[in-house]
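Here's the structure, in C-alpha cells; my notes come after.
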Amino acid sequence: MITRLSTESVAGLAAVESGPCLSLYQPTHRRHPENQQDPIRFRNLIKELEASLLQSHPAAETRLLLEPFEELAQDRDFWAHTLDGLAVLGGAGQFHAYRLAQPVAELAVVADSFHTKPLRRYLQSTDGYHVLGINLHAVRLFEGNRRGLTEVDLAAGVPGAIAEALGGELTEPHQTASVPTRHGQGGKKDETDSDAERFFRDVDRAVLEHYSRPSGLPLILAALPQHHHLFRQVSQNPFLVKHGIMSDPDALPAGELERLAWQTQEPLYHAKLLALGDAFKEAQAKGTGSDDLVQVAQASAAGRVATLLIEADRVVAGRLDQASGQFEAAELSDPGVDDLLDDVGALVTKMGGEALVIPAERMPTQTGLAAIYRY
C-alpha cells in the first residue's frame, strides 16, 4: 500500500487529467501518544472528501472511491509506523500512500487532477538531500532537509554489506580479521582492496538507480577518509557532492550526523536559492520572465516556461484549462477545483520544464510564482 516517492511517480500523478481525483494530506507523528490522534484526523479528512464527492457523484460511487481510504484508516500497523507527514491519493484507477519525513499542511480535495504540489515540494525543495553512510561492514542511507534527518530502509537491490554484495567471491580477510601481507605471498592486500572497490561500485550503482536518479537529491558521503577516496574514485553518481562527512556514521553520537549533514548542505541550499532569484530578476528585466499568473499559465500551456518557482504554502483555487492556460477562480471545496499554482507547476513539468517549490521568505516575488521563459 505504501508507494515509493519519486519524480517519476509524481509525474505520473500529474499526468492524470480525468477525475474524480482524491488528494488527502495531513501532518503525522512518529511517537506515542501523539500519533494516536493521526488516524482520527485521517477519518475526519475522509469525511471532507465524502462531502465533496456527494455534491456531484452518487452515493454508491462515492463509497467505492473511498473504500481504499477506509481500509487504510483501519490498518493498525500502518498507523504505528508514521513519520512526520502523510499523502494519500486515490481515484482514476489508482491508490497511493506516501509517508513523508516532513510535515505537510492538512488538506482534502476532490478535483479533476491530483493535488501534487506538496509531493513536488518534498522532492523539489532545494534543501533536500541524501546521506550515504558506508564502511566495509554496513551501508546506511538517510534522507534529510533543514528540518531533520531520517534513516530510510534500503531498497531491494542495494547491498547492505560487502559480504552481501560479493558473496562467495569475497576475499577471506573481510570475513575475519585483516592480516598483514608477507613479502612474497603477494596479492592478499590487492585482492582485499579489489573487494572494497567492487563493493563500492555495487553500492554506488544501486544508490544511483534506486535513490539519486529518481529523487534528484544531492548525495552526501559519510565515511572514513580512506573510504572517501576509494568511493569517489569509482563513483559514477552525478549527484554526489564534492564535500562530505569524514566520519563513520556508526561512530557518531546521536544528532551529530544530522548537524554535520546540514552543515554540508546548507551552503549549497542558500547558493541555489540565491542563483534562482538572480536568474529570475535577470529574465524579468529582459522580458523573458514573469510573476503574473495569467501570463505564466498561458506561457506554460505553450511550453515556454523553462523554470517555475512556486511559493510553498500559497494556494490559489481555480480551474485550469491545460490546453490554453486559461483559468477561472473558484472555491477549493468545489469538486473539480484544485490549486492553480499546483496545476501550473504540473503543466510546466509535463511540457519539459522544471518546477521548484520555494519557501515564502525566499521567493523573489509576492504573487506566489515566478517564471523564467525559454524565449
Side-chain angles (χ1 to χ4, degrees), residues 3-19 21 23 25 87 89 91-92 94 96 98 100 104 107 109 111-128 211-218 238-239 272-273 275-276 279-280 283 288-316 318-327 337-359 363-365 367-375:
T3 307
R4 183 184 300 278
L5 185 61
S6 67
T7 51
E8 288 80 6
S9 63
V10 173
L13 290 167
V16 176
E17 299 176 6
S18 59
C21 297
S23 305
Y25 292 86
L89 299 95
Q94 50 190 307
H96 305 280
Y98 303 96
L100 306 176
V104 290
L107 178 71
V109 61
D112 292 330
S113 59
F114 288 113
H115 182 79
T116 57
K117 186 167 75 170
L119 296 180
R120 286 188 287 106
R121 177 187 182 184
Y122 189 81
L123 288 173
Q124 298 170 343
S125 289
T126 47
D127 65 345
Y211 294 99
S212 298
R213 188 176 289 126
S215 70
L217 293 177
F239 300 94
K272 184 170 185 178
L273 289 178
L276 288 168
F280 168 73
T288 56
S290 176
D291 63 351
D292 182 272
L293 179 56
V294 173
Q295 296 177 9
V296 173
Q298 294 176 5
S300 300
R304 291 180 55 210
V305 177
T307 304
L308 179 68
L309 311 182
I310 303 172
E311 186 176 321
D313 297 316
R314 179 79 68 92
V315 174
V316 180
R319 292 185 180 89
L320 176 70
D321 182 339
Q322 295 203 3
S324 66
Q326 302 286 335
F327 63 84
V337 174
D338 198 3
D339 174 19
L340 287 171
L341 300 179
D342 179 52
D343 287 346
V344 172
L347 183 56
V348 167
T349 303
K350 178 182 176 181
M351 300 299 286
E354 181 181 30
L356 296 169
V357 183
I358 305 295
M363 282 291 292
T365 70
T367 62
L369 82 174
I372 300 172
Y373 297 154
R374 292 189 171 98
Y375 53 90

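Starting from 1, each residue takes its place in the sequence as its number.
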Could you report the tightest heavy-atom contact between [X] and [Y], atom names first, then the distance?
X    : Y    : result
Q322 : K350 : OE1-NZ, 3.7 Å
A297 : G325 : CB-O, 3.2 Å
Q326 : Q298 : NE2-NE2, 3.1 Å
I310 : M363 : C-SD, 3.9 Å
A346 : A14  : CB-CB, 3.7 Å

Checklist outcome for this item: CD1 (I358) and CG (L308) are apart, to the nearest 0.5 Å, by 9.5 Å

Next on the checklist: Once rounded to the nearest 0.5 Å, what's the spacing between atom CG of L369 and atom CG of L309?
Outcome noted: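 L369 CG to L309 CG: 8.5 Å, rounded to 0.5 Å.
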
Could you work out, with side-chain contact (heavy atoms from CB on, under 4.5 Å) as the rule, every residue matching [X], not counting sequence neighbours?
X    : value
A301 : L347
S23  : Y25, L89, V109, F114, H115
V316 : L293, R314, D339, L340, L341
D292 : S290, V294, Q295

Any side-chain to backbone donor/acceptor pair from [X] onto [Y]? Under 3.5 Å, distance only.
X    : Y    : answer
S6   : S9   : yes
T288 : A283 : yes
T365 : A370 : no
D342 : K117 : yes

Checklist entry - Checking side chain to side chain contact (heavy atoms under 4.5 Å, CB included) for the pair D112/R319: CA distance, chi angles, key distance, verdict? => result CA-CA 9 Å; D112 292 330; R319 292 185 180 89; 5.5 Å; no

Item to check | Partner residues of D313 under the salt bridge (charged side-chain N to carboxylate O under 4.0 Å, His left out) criterion, sequence neighbours left out | outcome: R121

Next on the checklist: The criterion is ring pair (Phe, Tyr, Trp, His ring centres under 6.0 Å); which residues satisfy it with F280, sequence neighbours excluded?
Outcome noted: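 None.
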
Between [X] and [Y], is any pair of side-chain heavy atoms under 4.5 Å apart?
X    : Y    : value
V305 : Y373 : yes
F239 : S215 : no
I372 : L276 : no
S300 : M351 : no

